[in-house]
Amino acid sequence: MEAEKQSEWGPIAWAHLSSVRNQSPLIQCITNFVSMDLTANTLLSAGASPAMLHSSNETPDFTPQVHALYINVGTLSDNWLPAMKLAAEIASKFKKPWVLDPVAAGASCFRLKACLDLISLKPTVIRGNASEIIALANASVGFTKGVDSSHDSTDAVEAAKSLANSCGAVVAVSGAVDIVTDGNRVVGARNGVPMMQKITATGCAVTALIAAFVAIDPLQALEATASALAVFGVAGEIGMEMARGPASLRMHLIDSLHGLDQTAVISRVKITTS
Ligand SMILES: Nc1ncnc2c1ncn2[C@@H]1O[C@H](COP(=O)(O)OP(=O)(O)OP(=O)(O)O)[C@@H](O)[C@H]1O
Ligand SMILES: Cc1ncsc1CCO
Ligand SMILES: [Mg+2]
């Protein structure tokens, strides 16, 4: 599923979604309380199988069985961090892809250090908003308005490349244009609608979708990540045609993701290589 031309991205995204539907990868999610419902429903709608298991007592048995691990620090607390680190270590040991959502990375020293420690455990993909990626690349607090971004994704291209080069992960920055880089190649996905920012945890949910796409194509994490972001954006666009506001968009986005067909994906996916 190597991508060279813009016109090839629609079929690439469709191939990823089809594989997720056919293979139904098991995704362990250690995620925040706000996002659990939307995240699990997003994965189910896409055809994946979510499991919100986070106890360090069961991770040694469970993590080796999963197809990918998703870690999100949104409602981080002292006792969850060791469980996150243990799961990441086991995922790496068993060569399972794992994906990090560094929610509000720049909000506090505790959160920034937790994210940097997790990054040292070699995530396959990191997906954040622009302020989160800038905070990580600079290893400094600030740059953020809590969990929301105070930057555009295009402000974070160099930060994303620098972070990708320093840690070896594919780095994605969400926004009006979703940017994905492995430190060398940079692609932009232009799907989605601004109203998606008005539903809490859409970022968390799309990071889980990235984990499902990477689960079925772990050797091409950049292609899988860009495809997941574009597919989620297409579901948002189609959902917006029926929505009256954020609450109904949440419902229609999930319905649209479940119902996406080949024609819609191939005709709507807007990914460009810069
Ligand atoms: N202006 C925009 N136009 C189109 N789509 C957007 C826009 N801003 C964000 N999105 C989409 O909304 C989703 C969430 O991205 P966002 O950057 O808001 O994440 P986030 O800040 O991490 O969210 P959260 O913390 O609530 O999970 C992504 O799929 C992204 O592509
Ligand atoms: C609002 C909120 N606070 C911590 S996590 C979260 C969900 C969006 O990131
Ligand atoms: Mg977020």
Query raised in the report: Going hydrophobic residue to hydrophobic residue with side-chain gaps under 4.5 angstrom, can you get from Leu118 over to Val99?
Result: no

Report task. Find out if a path of hydrophobic residues (ILVMFWY) with successive side-chain heavy-atom gaps under 4.5 Å connects Val177 to Ile12. Result -> no

Query raised in the report: So do the side chains of Cys204 and Asn32 get within less than 4.5 Å of each other, counting heavy atoms only?
Result: yes

Query raised in the report: Stepwise, does the side chain to side chain contact (heavy atoms under 4.5 Å, CB included) test hold for Val265 with Gln262?
Result: CA-CA 5 Å; Val265 172; Gln262 183 173 12; over 6 Å; no

**Report entry** Of all pairs that satisfy ring pair (Phe, Tyr, Trp, His ring centres under 6.0 Å), the ones with a partner from residues 93-124, not counting sequence neighbours
**Finding:** none

Query raised in the report: When you measure from the side chain of Thr144 to the backbone N and O of Asp148, does any donor-acceptor pair fall under 3.5 Å?
Result: yes

Query raised in the report: In terms of hydrophobic clusters joined by side-chain contacts under 4.5 Å, are Val141 and Leu116 together?
Result: yes

**Report entry** Distance (rounded to the nearest 0.5 Å) between Trp14 CH2 and Thr263 OG1
**Finding:** 8.5 Å

Query raised in the report: Side chains of Leu76 and Arg111: closer than 4.5 Å at any heavy-atom pair?
Result: yes

Query raised in the report: Quick one: does Trp9's side chain get under 4.5 Å of Lys270's, heavy atoms only?
Result: no

Query - Residues in salt bridge (Lys or Arg N to Asp or Glu O under 4.0 Å) contact with Lys198, at least two apart in sequence or another chain - result: none

Query raised in the report: According to the interplanar angle, ranging from 0 to 90°, do the rings of Phe213 and His16 count as parallel (below 30°), tilted (30 to 60°) or perpendicular (above 60°)?
Result: parallel

Report task. Please report the closest heavy-atom contact between Leu43 and Pro50, naming both atoms and the distance. Result -> CD1-CB, 3.6 Å

Report task. Using only heavy-atom distances, determine whether the side chains of Arg185 and Thr273 contain a donor-acceptor pair under 3.5 Å. Result -> no

Query raised in the report: Do Cys115 and Val73 touch side chain to side chain, with heavy atoms closer than 4.5 Å?
Result: yes

Query raised in the report: OG of Ser227 to CG of Asp217: how many Å apart, nearest 0.5 Å?
Result: 8.0 Å

Query raised in the report: Roughly how far, to the nearest 0.5 Å, is the NE2 atom of His258 from the OG1 atom of Thr42?
Result: 12.5 Å

Query raised in the report: Looking at side-chain heavy atoms only, is the closest gap between Gln28 and Thr59 below 4.5 Å?
Result: yes

Report task. Verify, without hydrogens or angle tests, whether Thr31 (side chain) and Cys29 (backbone) share a donor-acceptor contact under 3.5 angstrom. Result -> no

Query raised in the report: Applying the 4.5 Å side-chain criterion to the ILVMFWY set and letting contacts propagate, would Met84 and Leu112 be lumped into a single cluster?
Result: yes

Query raised in the report: When clusters are formed by joining ILVMFWY residues with side-chain heavy atoms under 4.5 Å apart, either directly or through shared neighbours, do Val214 and Leu121 land in the same one?
Result: no

**Report entry** Beyond-backbone contact of Ser174 with Arg127, side-chain heavy atoms, under 4.5 angstrom
**Finding:** yes

Query raised in the report: Given side chains that start at C-beta, do those of Pro64 and Ile90 come closer than 4.5 Å, heavy atoms only?
Result: yes

Query raised in the report: Heavy-atom distance under 4.5 Å between the side chains of Ile238 and Arg268, does that happen here?
Result: yes

Query - Evaluation steps, side chain to side chain contact (heavy atoms under 4.5 Å, CB included), between Asp152 and Asp155 - result: CA-CA 5 Å; Asp152 292 335; Asp155 297 339; 3.9 Å; yes

Query raised in the report: Out of curiosity, Ser153 OG to Ile133 CD1, how far, rounded to the nearest 0.5 Å?
Result: 11.0 Å

Report summary line: Nearest heavy-atom approach of Asn129 to Val173 is C-CG1, 3.9 Å

Report task. For the pair Ser256 and Glu241, evaluate side chain to side chain contact (heavy atoms under 4.5 Å, CB included) and give the outcome as yes or no after the intermediate values. Result -> CA-CA 10 Å; Ser256 300; Glu241 291 166 11; over 6 Å; no

Query - Side-chain donor/acceptor of Thr39 to backbone N/O of Met36, under 3.5 Å - result: no

Requested in this report: Over all heavy atoms of both residues, which pair between Lys161 and Val186 is shortest? Give the atoms and the distance, please.
Outcome: CD-CG2, 3.9 Å

Query raised in the report: Where the side chain of Ser24 meets the backbone of Gly47, is there a donor-acceptor pair that is under 3.5 Å apart?
Result: yes

Query raised in the report: Would you say the side-chain atoms of Ser166 pair up with the backbone N or O of Leu163, donor to acceptor, closer than 3.5 Å?
Result: yes

Report summary line: Of all heavy-atom pairs linking Ala212 and Pro25, the shortest is O-CG, 3.8 Å

Query raised in the report: Roughly how far, to the nearest 0.5 Å, is the CG atom of Leu253 from the CG atom of Asn41?
Result: 11.5 Å

Query raised in the report: Out of Thr202, Asn191, Thr207, which residue meets the side chain to side chain contact (heavy atoms under 4.5 Å, CB included) rule with Phe232?
Result: Thr202

Report summary line: Besides Leu53, the hydrophobic cluster formed by Ile, Leu, Val, Met, Phe, Trp and Tyr side chains linked at under 4.5 Å, directly or via other members, contains Leu26, Phe62, Val66

Requested in this report: Mind listing the closest non-hydrogen atom pair of Ala104 and Gly146 along with its distance?
Outcome: CB-O, 3.4 Å

**Report entry** Atom of Leu69, atom of Ala211 and distance for their closest heavy-atom approach
**Finding:** O-CB, 4.4 Å

Query - Spacing of Asn165 atom CG and Asn184 atom CG [to the nearest 0.5 Å] - result: 8.0 Å

Query raised in the report: Would Ile119 and Leu100 satisfy side chain to side chain contact (heavy atoms under 4.5 Å, CB included), going step by step from the backbone distance to the final call?
Result: CA-CA 8 Å; Ile119 289 170; Leu100 176 67; 3.6 Å; yes

